[in-house]
Protein chains: 4
Amino acid sequence: VRPLRGILPPVITPFDSDGALDLAAFEANLEAWAAEDLEGYVVLGSNGEAASLEEDEKLALVRAARARAGSRAVLVGTGLDSTRATVALTRRVADLGADAVLVLTPHYYKPQMTAEALRRHYLAVAEASPVPVYLYSMTLFTGVPWPPGLAADLASHPRIVGIKESSSDLGLLGRIITSVPARFEVACGSAPVLYPALCLGACAGVLAVANCAPGLASAVYRAFEAGDHARARKLQAALTPLAVAVTATYGIAGLKAAVDAAGLKGGQVRAPLMPLGAAAREDIRALLVAANESWRA
Amino acid sequence: VRPLRGILPPVITPFDSDGALDLAAFEANLEAWAAEDLEGYVVLGSNGEAASLEEDEKLALVRAARARAGSRAVLVGTGLDSTRATVALTRRVADLGADAVLVLTPHYYKPQMTAEALRRHYLAVAEASPVPVYLYSMTLFTGVPWPPGLAADLASHPRIVGIKESSSDLGLLGRIITSVPARFEVACGSAPVLYPALCLGACAGVLAVANCAPGLASAVYRAFEAGDHARARKLQAALTPLAVAVTATYGIAGLKAAVDAAGLKGGQVRAPLMPLGAAAREDIRALLVAANESWRA
Amino acid sequence: VRPLRGILPPVITPFDSDGALDLAAFEANLEAWAAEDLEGYVVLGSNGEAASLEEDEKLALVRAARARAGSRAVLVGTGLDSTRATVALTRRVADLGADAVLVLTPHYYKPQMTAEALRRHYLAVAEASPVPVYLYSMTLFTGVPWPPGLAADLASHPRIVGIKESSSDLGLLGRIITSVPARFEVACGSAPVLYPALCLGACAGVLAVANCAPGLASAVYRAFEAGDHARARKLQAALTPLAVAVTATYGIAGLKAAVDAAGLKGGQVRAPLMPLGAAAREDIRALLVAANESWRA
Amino acid sequence: VRPLRGILPPVITPFDSDGALDLAAFEANLEAWAAEDLEGYVVLGSNGEAASLEEDEKLALVRAARARAGSRAVLVGTGLDSTRATVALTRRVADLGADAVLVLTPHYYKPQMTAEALRRHYLAVAEASPVPVYLYSMTLFTGVPWPPGLAADLASHPRIVGIKESSSDLGLLGRIITSVPARFEVACGSAPVLYPALCLGACAGVLAVANCAPGLASAVYRAFEAGDHARARKLQAALTPLAVAVTATYGIAGLKAAVDAAGLKGGQVRAPLMPLGAAAREDIRALLVAANESWRA
């Protein structure tokens, strides 16, 4: 896989009204995104409701994404709570053509997830993986803080090529970036800090909001890349309210409502996530309109 | 299932040196426990490393437990991060003869796990379950606090019969007990507070330490039941140091070491949990000896 | 000071409508409490709004309490964020007749408040104090967890005589009790766990709710002391809802409203604490009536 | 006070070997800083050990800072746990010539410190203050999170002119910046995120590390101001390791050691903060040398 640059959505997983996987809707979204300025896709991420998917559903999603991604990168989330299960899923998705895997910190036995336990886990997965491995920290959902020195420790493994850090703590992101070799790719997983993260040296953004506003998200990246900081800051300010709404405020149900509002296929979330009310949907629709107006103005 | 009374171990899952499920060791443990004063078994709990088991392994463990439990209760942990997966597993284990299921709070999407989301989840599972349902809160691992009023809300469902609350916060346990009808069973999941939890009205203890010291754990219960508070307090004091060692201090690897020390089959943990060093094993062995001496004295 | 037994209210500090200290109201409360079954008083505790008092106000309160406490114990909260300030205040209140001091963990520089920093702080205070010292942990307000082994470390100092632990985590309380010598006094600071804490070996309760319901709080203690566990549990269940309301739910403004409802002098809180609305006051009044009815029934 | 631009150290408070305030050392530091590219000083901040100072010491420090600051801004930390005490101290330091006050969130009664309680507190202080008021959030020490919408609510008061936000969560900082009017000044209080905070629109940095490395901290600011992003990022990377050492790793004792190493007067911390060992002092000295070399290179 070539080094990541630019924006990747962690793609949502559409379900039909019975809660079954809606693969056709998933494929329709990929076709719509093909026209956007995106670097690739993350399949089976947190926003893809991976925690609520069965293994056969996961494999079907990877196949579909690979078939429609063309030359774009397909990164696949394979982190599970046991090392052996993570290895097994990593091998399966590599067989299906995943370009790389994104391995969430195991997290159920939180007090035992020391830096050393995580280090061994990642080395075991990297040893067994046929494809490059990205580390993945999402403390809001896992409750496991990322040890500041761990990325530098792991960067010496030839198959561990980068990290997606999803908090908005740029103190942590900065410490990671200054501790790793230049080849190690650091992706920002929090849209409200995309622009300042790029300033610190992040190379890419894996952003929920890129499901519903890929153009605006990419525009922030392109403005930064062009050295137009004034524009990058302005676009970031336009992106932030929508990004907060589809993550912190309304969660994945909000993100799916925004995808619907953008004319793609969002649909329902799987329980225990709850459906969104009409007022929330309208709020999200208005935020999407406002974000797009700011950008195109 | 008759109302729970007394002590149930959340049984450990032995693995062989390759990390494969060791069903023979599991069965040997059940045979050893048959001679102890235990009420039943919890299979696929947190201490059973359920988070690291595949579904076929889970079903094999339930079958084995059911076959060897005799008239004792077999409760099975079936809580997963999606409602539909929880329902599916619940039905499967009920088919295999589980007396009841123990449903952990879903927890990956923590900020969305409001009291209302949990309420809907539990009602959906209870509606679909062929067997009685116990609520199960384990905040240390899930990061999801138990809403104080939720048990009372759910107690009106005829198949929701109790809760296992696993923190040592007896303020929470007391609020639950005083809010639910008398028929609703409240089990204590934290051995260091077993005796005071019984004083507050808990009816049972589901205790990791009962894997390695079932006699002492049951003795606390029996002393309380007999109204011998002085003895209950003394036995509790003997139990606490070992209980802390096999949970907070050394985790499941420590619990398995204690099971080994007790002459049963503990064995290895699955990665990313880490193996225990020799000093820790010796510490645990000494604590087990001391606990047993206190009790038999 | 003789060993603590029974119930002590951490007495509230009345203010007049301008927010000035109302010493006459404070004295009137002490006179009313004189008729109750109380062991003594804690002055300048968290519920006394010590964090919002000037030093001259603190000294006036200690003088007034000492003058009206008769033979009852007067414990005074003197913990401040610096060791030297804590020592200075400790000496001043000892000069005014405090029987002992209660020293809250320093807490502003949280990450630096290691077990060793706390140990040195307490030893320095104890060395300089003319009167016995009680350790005081109130993690909800300080954000500093109590190190489980610290009480045992400090118990060897002849002037460190006990601890007030104010969480409802009886796992922690039990670990403290089993680690200290018998002479070391452990007081429970959380009313909803008073009865089970006594079962574990606590000797006293320092309870906010004893400001407004001293009779019921003492009745729990007396029932336990008499070995009447059934009655103790029943009274505890009557106490808990009121105790939760005047602490977790409504805070000190709620406690003062309950004191008003009990016919004593509660009055206003100092800002930034906020006054209570009419509905909350009514809720509290009803809870007080219900608690008293349960008890006298 | 003119709008803040550039870098201000929250100045340390030197103590002599008996723990008494060393005003001469404080004045010597101010004289040394006079030659640096600094905007002004924050006196009585968290790094000034304000929590461990008596009021007469506080006033002496303000007088000394005012006398030696020349035309530079002197901002004074006056936040205390009660509104009335905060108002009183604010008035006193305004009389002594403070240009503005910096008001920390009150925090002892954490669960009661709702957005509404904080709003009333700040409005009451601003109404009574003779000088402009800066809001001040330092969640690491207070345990009180800053409500994202509160700054915008308060910005309509003519005397509330800005905020110092001291976490490294630039998601929060960005939400504040995009919600307030342009005149409202947002200062970054976390050196490891200075450069990205400036990119987002922060106007100033109030940085502990500016006590010991004012030149490097200012150089980051100047590079950003000049539009030299490559240099700003490089200087930020040089600043971060030292900044982490004198805050997160070693605390104020580390900061004072770095001030000593820089040839100024750091000295001891007040207990319960602990003195630093020789190895830590050497680590800090080496980090200071490395930081300065990076910068001057």
Side-chain angles (χ1 to χ4, degrees), chain C residues 15 18-20 46-47 49-55 57 79-89 103-114 116-125 138-144 247-254 269-276, chain D residues 15 18-20 46-47 49-55 57 79-89 103-114 116-125 138-144 247-254 269-276:
Chain C
F15 301 113
D18 293 333
S46 297
N47 286 289
E49 294 175 71
S52 297
L53 295 173
E54 301 301 312
E55 180 162 310
E57 295 173 328
L80 292 166
D81 255 307
S82 93
T83 306
R84 57 194 279 140
T86 303
V87 164
L89 184 58
V103 179
L104 184 68
T105 52
H107 51 88
Y108 187 66
Y109 299 106
K110 292 180 191 9
Q112 309 292 329
M113 292 301 101
T114 59
E116 176 61 12
L118 294 175
R119 198 181 67 84
R120 292 185 187 197
H121 174 73
Y122 281 115
L123 289 177
V125 173
M138 177 72 201
T139 300
L140 181 67
F141 290 157
T142 64
V144 173
T247 55
T249 311
Y250 296 117
I252 298 175
V269 285
R270 273 197 173 159
L273 294 178
M274 295 210 302
L276 223 59
Chain D
F15 300 113
D18 292 334
S46 297
N47 286 289
E49 293 175 74
S52 297
L53 295 173
E54 301 301 312
E55 180 162 308
E57 296 173 327
L80 292 166
D81 255 308
S82 93
T83 306
R84 58 193 280 141
T86 303
V87 164
L89 185 57
V103 179
L104 184 68
T105 51
H107 50 90
Y108 186 66
Y109 299 106
K110 291 177 191 12
Q112 309 293 329
M113 292 301 101
T114 59
E116 178 59 12
L118 294 175
R119 198 181 68 83
R120 291 185 188 196
H121 175 74
Y122 281 115
L123 290 177
V125 173
M138 177 73 199
T139 300
L140 181 67
F141 290 157
T142 63
V144 173
T247 55
T249 312
Y250 296 117
I252 297 175
V269 285
R270 271 196 175 160
L273 294 178
M274 294 209 303
L276 224 57

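All chains are named by letter (A, B, ...) in the order of the sequence lines, taking the proteins before the strands, and each is independently numbered beginning at 1.
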Which bit of [X] is near chain D, if near means a heavy-atom gap under 4.5 Å: side chain, backbone, both or neither?
X: C:Leu80; result: neither
X: C:Thr105; result: neither
X: C:Leu104; result: side chain
X: C:Glu54; result: side chain

Please answer whether the main-chain N or O of D:Arg270 pairs with a side-chain N or O of C:Arg84 as donor and acceptor at a distance below 3.5 Å.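 Side chain of C:Arg84 to backbone of D:Arg270, a donor-acceptor pair under 3.5 Å: no, none is there.
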Heavy-atom donor-acceptor pair, C:Tyr109 side chain to D:Ser46 backbone, under 3.5 Å: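 Side chain of C:Tyr109 to backbone of D:Ser46, a donor-acceptor pair under 3.5 Å: yes, one is there.
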Within the 6.0 Å centroid threshold, strictly below: D:His107 and C:Phe141: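 No - the distance between ring centres of D:His107 and C:Phe141 does not fall below the 6.0 Å cut-off.
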Residue pair [X] / [Y]: nearest heavy atoms and the distance that separates them:
X: C:Ala117; Y: D:Pro272; value: CB-O, 3.6 Å
X: D:Lys110; Y: C:Gly143; value: CE-N, 4.2 Å
X: C:Gly251; Y: D:Gln112; value: CA-NE2, 3.2 Å

Given heavy-atom pairs under 4.5 angstrom as the criterion, report whether the side chain, backbone, both or neither of D:Thr142 touches chain C.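 For D:Thr142, backbone and side chain are both near chain C.
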Please state whether the side chain, the backbone, both or neither of D:Leu53 comes within less than 4.5 Å of a heavy atom of chain C.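 Contact with chain C: none, neither part.
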Holding to side-chain hydrogen bond (donor to acceptor under 3.5 Å, both in side chains), I want the full list of residues that pass it with D:His121, two or more places apart in sequence or in another chain.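 Partners of D:His121 under the side-chain hydrogen bond (donor to acceptor under 3.5 Å, both in side chains) test: D:Thr83.
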Winner by heavy-atom pair count (cut-off under 4.5 Å) against chain D, out of C:Gly19, C:Pro106, C:Ala85: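 Of the candidates given, the most pairs with chain D belong to C:Gly19.
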Any chance you could measure C:Met274, atom CE, to D:Met113, atom CE, to the nearest 0.5 Å?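 Those atoms lie 8.0 Å apart.
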Separation of D:Leu273 CG from C:Asp81 CG (nearest 0.5 Å):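 Rounded to the nearest 0.5 Å, the CG-CG separation comes to 9.0 Å.
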D:Tyr108/C:Met138 under side chain to side chain contact (heavy atoms under 4.5 Å, CB included): CA gap, chis, key distance, verdict: CA-CA 10 Å; D:Tyr108 186 66; C:Met138 177 72 201; 4.1 Å; yes
With sequence neighbours excluded, what pairs up with C:Glu116 under the salt bridge (charged side-chain N to carboxylate O under 4.0 Å, His left out) test?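 If we apply the salt bridge (charged side-chain N to carboxylate O under 4.0 Å, His left out) test to C:Glu116, skipping adjacent residues, the hits are C:Arg119, C:Arg120.
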